[in-house]
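What follows is one structure encoded as structure tokens, with my remarks underneath.
We count ligands from 1, going down the list as the structure has it; atoms in each ligand are counted the same way. Computed from heavy atoms alone, side chains included, the values below leave out hydrogens, waters and symmetry copies. All values derive from a computational prediction rather than experimental measurement.
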Amino acid sequence: MDIEREKIEFDVLFVGGGPANLAGAIRLMQLAKEKNMTLEVALIEKGADVGSHALSGAILNPVALTELLPDYSRKECPIESTVKEDGFYFLTRKNYYRIPITPRYMHSKGFFIISLSRFTRWLGRIAEDLGVNIFPGFSGKEVLYEKDQGTITGVRTGDKGLDKDGRPKGNFEPGIDLMAKVTVFGEGARGNLMKDVSQKLNLFSGKMPQVFETGIKEVIQLPENNYFTSNNVNDIHTLGYPLGLDIPGGGFIYEIKDNKVAIGFLVGLAYQNPMLDLYDEFIRFKQHPFVADIIKNGKVLEQGARTVSSGGYFTIPKLAVDGGVFVGGCAAMQNTPGLKGIHLSMKSGMLAAEAIITALEKRDFSHKSLGIYQDLFDKSWASTEIYEARNFSQALSKKGPIKWIHIGAQYITKGRGFVDNMPIQPDFKTLKPARENDADVRPVADKKMLDGVLFVDKLTGVYLSKTMHREDQPSHIIVHDKDLCVNECFKTFKSPCTRFCPGDVYEIETDPKTSTRRLKLNPSNCLHCKTCDIKDPYENITWTCPEGGEGPGYTTL
Ligand SMILES: Cc1cc2nc3c(=O)[nH]c(=O)nc-3n(C[C@H](O)[C@H](O)[C@H](O)COP(=O)(O)OP(=O)(O)OC[C@H]3O[C@@H](n4cnc5c(N)ncnc54)[C@H](O)[C@@H]3O)c2cc1C
């Protein structure tokens, strides 16, 4: 379709309104002010507002925040509570044991408990006050390159008002070409534009494959007299039940103000059993007596899901190319054993801003000039912190006692362990064929306990995420070969998409008369977690941005 598109020029364009880009945009404007430079800076966010697609735990290590905005408390930073005491628990089927030593990377006493939705909204307002043009409701759909195809020149936003077959409707609004001297990609884990750039410009050449975890999270309203009234431990992490010790993952429970609790469960996508259902495991976690006691008499207020890039240091891509830089989760800025990435993402954005301001002064936007960002990162505390966790996910993906031997050795040797630069498979390769004898079938959550209030089913969870997508538009989830789904994938893996998707986007329907199977897609349920793009064993699913402004409507996650 030949469309005439509006072009708007900026000095710097930030793609994504997460903590990485917002901290980057704020730092850039602070530096421009110091240097008396006038800049045209834009930030686009695919959610209807900044914060509406933000989901995290979240314990915030305030180190980057303090560097960026030392007066954050005067600026009314939305802090939900402060960690009083950490507790690390091992869960068996019925019991629990407090592990006497909390690993050092999980020490969070004095750190802040925040809602990433509320925190990013606050950062967004500060960025706007400093002069950043924030455009919520605009998704970056395509990366624009110079004719040489090696230099990034900006991003095209998605068209709005197409029908199911991609034909313009009456209210059609073509996407805009946002041109910039420097484009900053801060799309978070598994950015769709980042995926395109990395394939085109070989960003991950020589790196270990990126691996991911998927987290499902809720905010629950508790009664006035609750677990935290009489317990000092308000930062809880769990290991063991329901996954056992071979499947990577665990739970978190954080106290937040007004008698609420943030509760979530993460599963490492290196798991092998195709019958594992992420949502079911989350409910089983909540039904464990230890957890059920903490949340008793509560009511789920909001639910959502999101992936984290957890591969660590050896999966960090090239950080700068001609005309572009990569920050935050899409550049693997994550301390995986500590389950903390917000402060590292913020710091990476701030360091990128320093490099960009120098590039603007020199009027040189080549990878060499922007590459100062890489040097600044290498010398920063962020690099040191990520380096120490460099082999963690890799060890965690192993099975049996060897996993714990590796993790123990890494703990003692500050990350080196027995194999430094430990290999790992990409998550799409790890599923084993489903065994005919049902040996893979996992226990299911007690459905009788699904009361629609404290324990909600998947579809109610989707409803509580407030996700919305216009039905009459091209599906933003592209299944390249639907026959593969209903034939080979069904036979070999029993359609794992129906279990790894926490939003019930994928259904296999069987015609009772002909026994013909059909893949039914419900893209309007999508939570934008991107698990499908990562875990499908045939790489048969590509996640793209739907129309800007659609998707979840998180307010407290
Ligand atoms: C369940 C869970 C628990 C976690 N707990 C913690 C914790 O306790 N402490 C901690 O420090 N970290 C935690 N993390 C990790 C932390 O949330 C991430 O490291 C951090 O959010 C990454 O920030 P980011 O800005 O890179 O990406 P994100 O926070 O993912 O933000 C990216 C933004 O870009 C937008 N976007 C993406 N693509 C496009 C596009 N093409 N066009 C326009 N907009 C786009 C998205 O909508 C989103 O708003 C947790 C993560 C999860 C999932």
Counting both backbone and side chain atoms, is some N or O of [X] under 3.5 Å from an N or O of ligand 1?
{"X": "Lys530", "result": "no"}
{"X": "Val308", "result": "no"}
{"X": "Lys46", "result": "yes"}
{"X": "Cys545", "result": "no"}
{"X": "Asn21", "result": "no"}
{"X": "Glu187", "result": "yes"}
{"X": "Val15", "result": "no"}

Is the ring pair [X]/[Y] parallel, tilted or perpendicular, if the boundaries are 30 and 60 degrees?
{"X": "Tyr313", "Y": "Tyr387", "value": "perpendicular"}
{"X": "Phe290", "Y": "Tyr89", "value": "tilted"}
{"X": "His476", "Y": "His469", "value": "parallel"}

Heavy-atom pair of closest approach, residues Gln334 and Leu339: NE2-C, 3.9 Å
So which atom in Leu144 and which in Met179 form the shortest heavy-atom distance, rounded to 0.1 Å?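 In this case the closest contact between Leu144 and Met179 is CD1-SD, 3.8 Å.
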Relative to the heavy atoms of [X], which atoms of ligand 1 are at a distance of less than 4.0 Å?
{"X": "Ser345", "result": "19 (O), 22 (C), 23 (O), 26 (O)"}
{"X": "Ser139", "result": "42 (N), 43 (C)"}
{"X": "Gly140", "result": "40 (C), 41 (N), 42 (N), 43 (C)"}
{"X": "Ile342", "result": "10 (C), 11 (O), 12 (N), 16 (C), 19 (O)"}
{"X": "Phe138", "result": "43 (C)"}

Please check: side-chain N/O of Ser475 versus main-chain N/O of Ile478, any donor-acceptor pairing under 3.5 Å? no
Glu302 side chain to Thr555 main-chain N or O, any donor-acceptor pair under 3.5 Å?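 Yes, Glu302 side chain to Thr555 backbone: donor-acceptor pair under 3.5 Å.
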Ligand 1 versus Asn192: contacting region, heavy-atom distance under 4.0 Å: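 Within the 4.0 Å criterion, Asn192 contacts ligand 1 through side-chain atoms alone.
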Please work out whether any backbone atom (N, CA, C, O) or any side-chain heavy atom from C-beta onward of Lys340 is under 4.0 Å from ligand 1, and answer side chain, backbone, both or neither.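 The answer is both, backbone and side chain.
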Please report which non-hydrogen protein atom sits nearest to [atom], along with the residue it belongs to and the distance in Å to one decimal place.
{"atom": "atom 9 (N) of ligand 1", "result": "Ile59 O, 2.8 Å"}
{"atom": "atom 17 (O) of ligand 1", "result": "Ser56 OG, 2.7 Å"}
{"atom": "atom 31 (O) of ligand 1", "result": "Gly18 CA, 3.3 Å"}
{"atom": "atom 35 (C) of ligand 1", "result": "Glu45 OE1, 3.2 Å"}
{"atom": "atom 18 (C) of ligand 1", "result": "Gln334 OE1, 4.1 Å"}
{"atom": "atom 28 (P) of ligand 1", "result": "Gly188 CA, 3.9 Å"}
{"atom": "atom 26 (O) of ligand 1", "result": "Gly329 N, 2.7 Å"}

Shortest heavy-atom approach to [atom] - which of [options]:
{"atom": "atom 5 (N) of ligand 1", "options": "Gly57, Ala20, Gly338", "value": "Gly57"}
{"atom": "atom 12 (N) of ligand 1", "options": "Ser348, Gly341, Ala331", "value": "Gly341"}
{"atom": "atom 21 (O) of ligand 1", "options": "Leu116, Thr307, Val155, Asp235", "value": "Leu116"}
{"atom": "atom 34 (O) of ligand 1", "options": "Gly51, Ser52, Pro19, Gly16", "value": "Gly16"}

Flag this pair as yes if the NZ/CZ of Lys535 is under 6.0 angstrom from the six-membered ring centre of Tyr271 and inside a 45 degree cone about the axis; otherwise no.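 Judged by the rule (NZ or CZ under 6.0 Å from the ring centre, within 45° of its axis), Lys535 counts as positioned above Tyr271.
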Answer yes or no on whether Lys160 is positioned over the face of Phe138, meaning its NZ or CZ is under 6.0 Å from the six-membered ring centre and within 45° of the axis. yes
Between Tyr411 and Tyr105, is the ring centre distance below 6.0 Å?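 Between Tyr105 and Tyr411, which both carry aromatic rings, the centre distance is below 6.0 Å.
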So does Lys200 have more than 12 non-hydrogen atoms from other groups sitting under 6.0 Å from NZ? yes
Indicate every side-chain donor-acceptor pair of residues 41-48 with a distance under 3.5 Å to a residue at least two apart or in another chain.
residue : atom : partner : partner atom : Å
Glu45   : OE1  : Gly17   : N            : 2.8
Glu45   : OE2  : Gly47   : N            : 2.8
Lys46   : NZ   : His53   : ND1          : 3.0
Lys46   : NZ   : His528  : ND1          : 3.0

Hey, could you give me each pair passing salt bridge (Lys or Arg N to Asp or Glu O under 4.0 Å) that has a residue in residues 182-194? Not counting sequence neighbours. Arg190-Asp533
